[in-house]
Number of protein chains: 2
Amino acid sequence: MPIEDKQKPQRNDRVTIRTVATHAGVSVAAVSKVMRNAYGVSDALRAKVTDAIEALAYRPSRAARGLRGRSFTIGVLLIDIRNPFLPEVIAGVNEVLGPSHYQAMIGVSDARVQLETSLIESMIDYKMDGLILVAPRLPSEILAKFAVQIPIVAVGYHDASATAFDTVNADDQRGAEIAVEALLACGYRDIEMLSLGERQGHAVSVVRQREIGFRRAMQRGGLGSSPAIGKIPIASPKREEAMRKFLSRKDRPRAVFCWSDLDAITLLSLAMEMGVRVPEDLAVIGYDNSPTAALGLVNLASIDQSGRELGQVATRALISRIEGRTASEHIFQIPSLVSRNSLTRSGSGTDMKQG
Amino acid sequence: MPIEDKQKPQRNDRVTIRTVATHAGVSVAAVSKVMRNAYGVSDALRAKVTDAIEALAYRPSRAARGLRGRSFTIGVLLIDIRNPFLPEVIAGVNEVLGPSHYQAMIGVSDARVQLETSLIESMIDYKMDGLILVAPRLPSEILAKFAVQIPIVAVGYHDASATAFDTVNADDQRGAEIAVEALLACGYRDIEMLSLGERQGHAVSVVRQREIGFRRAMQRGGLGSSPAIGKIPIASPKREEAMRKFLSRKDRPRAVFCWSDLDAITLLSLAMEMGVRVPEDLAVIGYDNSPTAALGLVNLASIDQSGRELGQVATRALISRIEGRTASEHIFQIPSLVSRNSLTRSGSGTDMKQG
DNA sequence: CGTTATATGGAGAACGTTCTACAACTCGTC
DNA sequence: GACGAGTTGTAGAACGTTCTCCATATAACG
């Protein structure tokens with residue numbers, strides 16, 4: 001079949017929408033229409049175009065797409081890549097995105113507000129179609145401002161009053177309550193929480209929510225109106241120092257609830273080094289049910305909040321918002337207890353999962 | 001009837017390069033020149049423009065930049081986000097990128113060749129300036145084809161003959177030798193390796209390189225011409241089953257070298273469950289020196305290959321290639337041994353048996 | 001037949017940058 | 001006062017899409 005040659009020198013070897021149009025003998029607009037599944041395309045035209053796309057192995061430029069329309073990319077912002085809980089969220093995101101035509105690009109902010117801001121801006125500048133922010137540090141007003149420019153779903157960010165963006169959370173208050181209830185059920189009364197020492201107490205953060213749940217459950221259990229909450233710094237040398245201090249305290253509590261498995265596991269390790277027996281001298285319960293906690297060597301009881309599901313739900317919410325939903329959604333999941341030997345010597349040592 | 005993608009992008013009065021130009025009373029080209037630090041800009045002009053940029057909080061659109069020039073973004077492709085070694089690489093990348101004007105965007109391929117290809121293509125389509133591929137699965141010819149379109153540095157990919165792209169590796173052969181030498185130095189003679197059971201043996205992969213080093217060191221130590229190498233599948237249920245089988249073998253070796261801490265740590269856990277004492281009954285040495293290995297509870301001897309440094313070096317290599325280098329570079333780092341209790345009871349006196 | 005509605009395809013203006021080519025202006029220098 | 005040589009700024013053509021009109025062909029109807 002003769003193809004009309006427009007004498008247009010193809011200096012670049014890249015296959016563009018124009019190459020496809022020429023090859024199929026149709027207009028650029030027609031190809032674009034087929035690509036976008038737009039209205040007003042006959043079966044014959046569609047066939048011609050898809051054949052040409054196939055033959056030329058055409059891939060639309062995301063950069064050019066972003067300039068005008070959608071880029072079919074969603075950005076995921078992680079606060080920290082070393083916390084083993086976060087990869088689970090990514091896995092969930094990818095599972096939902098897999099069959100769709102969207103792709104995820106991940107940025108890592110390392111818990112620095114400055115970098116977080118600039119990554120969000122970059123993602124907007126890339127004309128990404130939506131953002132999933134995992135445990136962002138920015139205040140709600142700032143997020144709301146960004147949300148005007150791009151659909152946003154925040155995970156691990158407790159602000160159910162936000163109207164500009166969606167949130168997806170495990171119920172961290174309830175999770176902490178479950179932890180305390182489990183300790184109480186084992187007969188422990190002298191209970192403390194080891195929380196995270198952040199510079200500014202971020203009311204929306206999962207950590208603060210867990211503190212609230214801890215306090216409520218303790219009060220409900222009749223254990224004082226202001227139960228003890230210790231703060232462990234995030235930086236490494238001071239972090240272990242604080243834990244050692246806790247472990248060697250004379251009035252060390254009988255049981256401890258750690259805000260995260262990360263801390264609980266380090267605590268377990270230090271306890272072993274210092275000859276503090278777990279659970280005989282000190283019962284420990286963590287949060288996240290990370291893979292390391294499940295190791296027989298570690299055997300850490302933990303609150304499970306399925307990062308995978310969180311990622312899946314967040315992704316679905318984001319897509320629905322991209323496709324036009326405007327009312328904000330705030331989704332909660334209920335965490336559950338995974339009982340292991342650090343809580344009580346339970347005989348077999350196999351996992352016991354309870355609602 | 002066809003489904004039409006409908007979207008109403010909010011009309012946003014974005015600050016563009018044109019806004020800045022008008023505000024500063026200069027041309028668009030002048031602003032672009034200042035942005036790019038190009039030649040032929042007077043101090044007065046520069047001052048006017050930077051003031052306007054500041055006043056308007058102008059951010060250039062990466063999408064538009066990518067269409068014409070550079071996007072100042074580099075793509076990082078991770079084979080798997082759950083392996084705790086990989087976050088270290090990212091950390092190294094971010095450290096080098098931090099002070100520069102480049103930013104990293106990460107894609108996760110989940111070890112699927114199909115997804116890996118499409119992510120690389122996406123990153124090219126985004127007009128990213130360069131790619132760091134961490135332990136890619138694609139064959140060298142394919143990578144070379146991509147490398148024509150975009151600068152590529154492969155990490156954990158042994159192909160020193162590649163001319164189209166750079167490689168950055170720890171010397172995995174040497175690492176395995178060091179592991180065997182350490183086991184020999186402890187007096188163990190009956191040594192096996194537990195390697196990864198991949199579908200197609202990928203000669204460029206770190207795993208195969210470690211097998212080569214293992215064989216060479218064993219032969220050099222006079223321990224047979226074809227030492228035993230077991231294969232552990234990657235999928236979870238079969239994986240533990242294979243390890244249990246190994247641990248309960250009557251002719252189980254006295255010492256084992258695992259290709260990765262991931263496997264070594266699981267092995268340690270199962271050994272404890274099954275009553276196999278480490279190191280008394282079985283000495284174990286891993287690879288990667290991951291944070292979990294360093295835990296007192298785990299205390300796994302391991303070969304350290306500093307993922308952070310690998311990330312840093314790869315990033316510097318990529319930037320130099322983006323800035324014009326054309327000859328390929330193949331960089332090696334020498335790994336080192338971190339001795340811990342899983343290798344030999346070394347005096348710190350920690351007990352592997354929990355309780 | 002003429003008129004109108006509908007279905008299909010195309011022209012061409014955005015989108016926000018980069019960067020080449022060139023204009024204008026200042027200094028010397030002969 | 002003509003002529004380079006150098007310096008500083010600008011105009012305008014890409015880049016590869018999307019998407020709003022608009023043109024044309026066909027069908028439906030009086």
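Protein chains get the first letters and strands the later ones, always in sequence-line order, with residue 1 at the start of each.
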Exercise for review: Kindly say if A:Ser61 contacts the phosphate of D:dC15, meaning a side-chain N or O under 4.0 Å from OP1 or OP2.
Suggested key: no

Review point. For the base of D:dT17, is there a side-chain donor-acceptor partner from A:Arg68 under 3.5 Å away?
Key: no

**Study point:** Length of the CZ-C1' vector between A:Arg36 and C:dG9, whole Å
**Key:** 13 Å

Review point. Is the shortest side-chain N to carboxylate O distance from B:Arg316 to B:Asp166 below 4.0 Å?
Key: no

Check your understanding: Just how far, in rounded Å, is C1' of C:dG12 from CD1 of A:Ile17?
Key -> 14 Å

Review point. Whole Å only: how far is the CG atom of A:Leu45 from the C1' atom of D:dA25?
Key: 15 Å

Review point. Of the nucleotides D:dT10, D:dT17, C:dT18, which one has an atom closest to the side chain of A:Thr16?
Key: D:dT17

Exercise for review: Scan B:Lys127 against the nucleic acid and name what it touches under 4.0 Å (heavy atoms): base, sugar-phosphate only, or nothing.
Suggested key: nothing

Check your understanding: For B:Arg46, does the CZ atom sit with more than 12 other heavy atoms under 6.0 Å from it, leaving out its own atoms?
Key -> yes

Exercise for review: Could you state the atom-to-atom distance from CZ of A:Arg62 to C1' of D:dC15 in whole Å?
Suggested key: 18 Å

Check your understanding: 5'-most contact on DNA chain D: B:Ser42 or A:Pro60, nearest heavy atom basis?
Key -> B:Ser42

Review point. What integer distance in Å separates A:Arg14:CZ from D:dT17:P?
Key: 6 Å

Exercise for review: Using atom CG of A:Asp43 as one end and atom P of C:dG9 as the other, report the distance to the nearest whole Å.
Suggested key: 10 Å

Exercise for review: Give B:Ala29 one of three labels, base, sugar-phosphate or nothing, depending on what nucleic acid heavy atoms sit under 4.0 Å from its own.
Suggested key: base

Exercise for review: Start with the C-alpha gap between B:Thr22 and B:Arg18, add the side-chain angles, then the distance that decides, and say whether side-chain hydrogen bond (donor to acceptor under 3.5 Å, both in side chains) holds.
Suggested key: CA-CA 6 Å; B:Thr22 312; B:Arg18 218 164 312 256; over 6 Å; no

Practice item. Mind checking B:Arg59 for me? I need base, sugar-phosphate or nothing, with any heavy atom below 4.0 Å counting as a touch. Key: sugar-phosphate

Practice item. Might you confirm whether atom CZ of B:Arg308 has over 12 heavy atoms from other residues, nucleotides or ligands at distances under 6.0 Å? Key: no

Practice item. Using only side-chain N and O atoms of B:Ser32, determine if any of them is under 4.0 Å from OP1 or OP2 of C:dT17. Key: no

Exercise for review: Respond yes when some side-chain nitrogen or oxygen of B:Tyr58 is under 4.0 Å from OP1 or OP2 of C:dT17, and no when none is.
Suggested key: yes

Review point. Does a side-chain N-to-carboxylate-O contact under 4.0 Å join B:Asp125 and A:Arg14?
Key: yes

Revision key, fill the gap. note: A:Lys48, atom NZ; C:dG10, atom C1'; distance rounded to Å ~ 12 Å

**Study point:** Closest nucleotide among C:dT8, D:dT17, C:dG9 to the A:Lys33 side chain
**Key:** C:dG9

Point to revise | Greater than 12 external heavy atoms within 6.0 Å of A:Arg112's CZ | key: no

Practice item. Taking only the side-chain heavy atoms of A:Leu67 (C-beta and beyond), determine which of D:dT10, C:dG16, C:dG9 contains the nearest atom. Key: C:dG16

Revision key, fill the gap. Closest to the 5' end of DNA chain D, once A:Met35 and B:Val41 are matched to their nearest nucleotides, is B:Val41

Check your understanding: D:dC19 P sits how many Å from A:Tyr39 OH, rounded?
Key -> 17 Å

Review point. Which nucleotide, D:dG16, D:dT7, C:dG10, lies nearest any side-chain atom of A:Arg18?
Key: D:dG16

**Study point:** Which nucleotide in C:dG10, C:dC19, C:dG16 has an atom nearest any side-chain atom of A:Ser27
**Key:** C:dG10

